[in-house]
Amino acid sequence: MDIFLQNLANGLSLGSLYALIAIGYTMVYGILRLINFAHGEIFMLGAYFLYYGVLIFNLPWWLSFIVAVILTAIAGMLTERFAYRPLRKAPRISILISAIGVSFFLQNAGIVVFSGVPKSFHRPAIFDHMFIFGNIRISSITFASIVISLIFLMGLLFIVYRTKTGLAMRAISTDIETARLMAVNVDQTISITFAIGSALAAVGGILWALKYPQIFPLMGMIPGLKAFIAAVLGGIGNIFGAMIGGFILGMAEILLVGFMPQLSGYRDAFAFLILIIILLFKPDGLMGKNVQEKV
Amino acid sequence: MLEVKNLHVHYGGIHALKGINFSVPEKKIITLIGANGAGKSTTLRTICGLVDKSDGKIFYKDKDISDFETRERTLDGLVMVPEGRRIFPNLSVYENLQLGAFKRNNQKEIKSDLNWVYELFPRLKERLTQKAGTLSGGEQQMLAVGRALMSRPELLLMDEPSLGLAPLLVKEIFEIIEEINEQGTTILLIEQNAYAALNIADYAYVMETGMISLEGEGKELLKKDEVIKAYLGA
């Protein structure tokens, strides 16, 4: 039982990070029917912005966190503005290729600007604390990542379901042409969608770097792909699906490693196996088409 | 209120509108009738800016709006009820109505317009929290009209509002169109149900293969042999 609870905590923690990143994929897909392959790189930028904020500009952690999230949101809006918006009327494959291009560009720009040498991410002492409940040990970063993720996910749900902007997003994702007839500002709403998705990816990237304290320009690839798997698993285009998919994937990975340690080298392969199975048997994802509430 | 001058539209190699001219005077009901593929919907969609024209001009309130974006046209009171209703099926009835009022901020006015819409369509009020996709076809059409009214249209473009409705509902929808018109909204109506449309129209244009072949007052056209043969099936 203890082992199970221990794994549960670890799984929730990893899953919450996947959930944060998966939201960005699913929101952008919901609105533009685009898999934003550059999303993993946005995640990477979040971690680097925090790193430089603390190390070079000597900002306090909390301020650096806020600045990094804002800068990453702006980076996301800029990719949309310059790499995707000009292709809005082009065939869908063009914009997909553009996304792959942005991904490569950001990775390599990262290598040039930040250098390819991994940097160690000094986490504040508060995140090294261990909570001990009997035989279960939960580090404060595990705990913090769950709590912080949940706060941001609630904030997201509030925006999407309780604000006018959220209503515009949901309208655009169902029928962009009719949304235009309602005088919805489509470009602006898409921009905001990218900003929100990127901000959540930045939160994910920062928590990731606090958890695995080493950052490098290609760090977004694997978490990005896994969050994409989480989004597909939950039903791409569906926000709740992305959250649930993230938690399931995180949990599955941790349980695999926890109960079959000899297979732990295959944890990435395992995630892709899940993707293949989902695509074969339930390509609409768990929260399938019928409860579709896409953003 | 609306002046369409020498409007041409091409879809790829297809010449869908071949230089049409017509005008919609303020406070009137004008109708475009014609068979499938005559170019009626294309005309409306071009007026809203959803389709690009290849030549010609569109004047609305004496302004050349030919190059305006759809959103700017809607903001200025040019509102369309699109063909096939196009309600947002996964949003609630209330959210659909809110979207109609999306461009507006005066909560008090929005509220009083909502009450007007509930008066016109009592059934919508009973179903506010229901997803719009679960409504019947007639209710969806009412929602589409109600949603358009929530944007305070000055010129309301309606694309086949009677399509797929039972005869009783068709009658109801046309009565409501007349009522909206009496409240001061100018209406440009597209219909295949030529009889009903000509009956309420002040003036009508008949379209055939991208051109206007005939025009006249609604009730006059009802008596014309060509119209009777082609559209009224006598």
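Letters A, B, ... are given to chains in the order of the sequence lines, protein chains preceding strands, and every chain is numbered from 1.
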Rounded at 0.5 Å granularity, tell me how far [atom1] in [X] sits from [atom2] in [Y].
| X | Y | atom1 | atom2 | result |
| --- | --- | --- | --- | --- |
| A/Thr178 | B/Arg85 | OG1 | CZ | 13.0 Å |
| B/Thr70 | A/Leu181 | OG1 | CG | 6.5 Å |
| B/Arg86 | A/Asp175 | CZ | CG | 4.0 Å |
| A/Asp187 | B/Arg71 | CG | CZ | 9.5 Å |
| B/Met150 | A/Met182 | CE | CE | 11.5 Å |

Just wondering, more than 12 heavy atoms not from [X] lying within 6.0 Å of its [atom1]?
| X | atom1 | result |
| --- | --- | --- |
| B/Asp62 | CG | no |
| B/Lys63 | NZ | yes |
| B/Lys28 | NZ | no |
| B/Tyr11 | OH | yes |

Please examine the side chains of [Y] and [X], heavy atoms only from C-beta on, and report whether any two atoms are closer than 4.5 Å.
| X | Y | result |
| --- | --- | --- |
| B/Asn90 | A/Arg170 | no |
| B/Arg45 | A/Glu177 | yes |
| B/Glu69 | A/Asn185 | no |

**Item:** Interface moiety of B/Arg147 toward chain A, non-hydrogen atoms closer than 4.5 Å
**Value:** side chain
**Prompt:** Any idea which heavy atoms bring B/Phe88 and A/Ala171 closest together, and the distance?
**Reply:** CE2-O, 3.3 Å
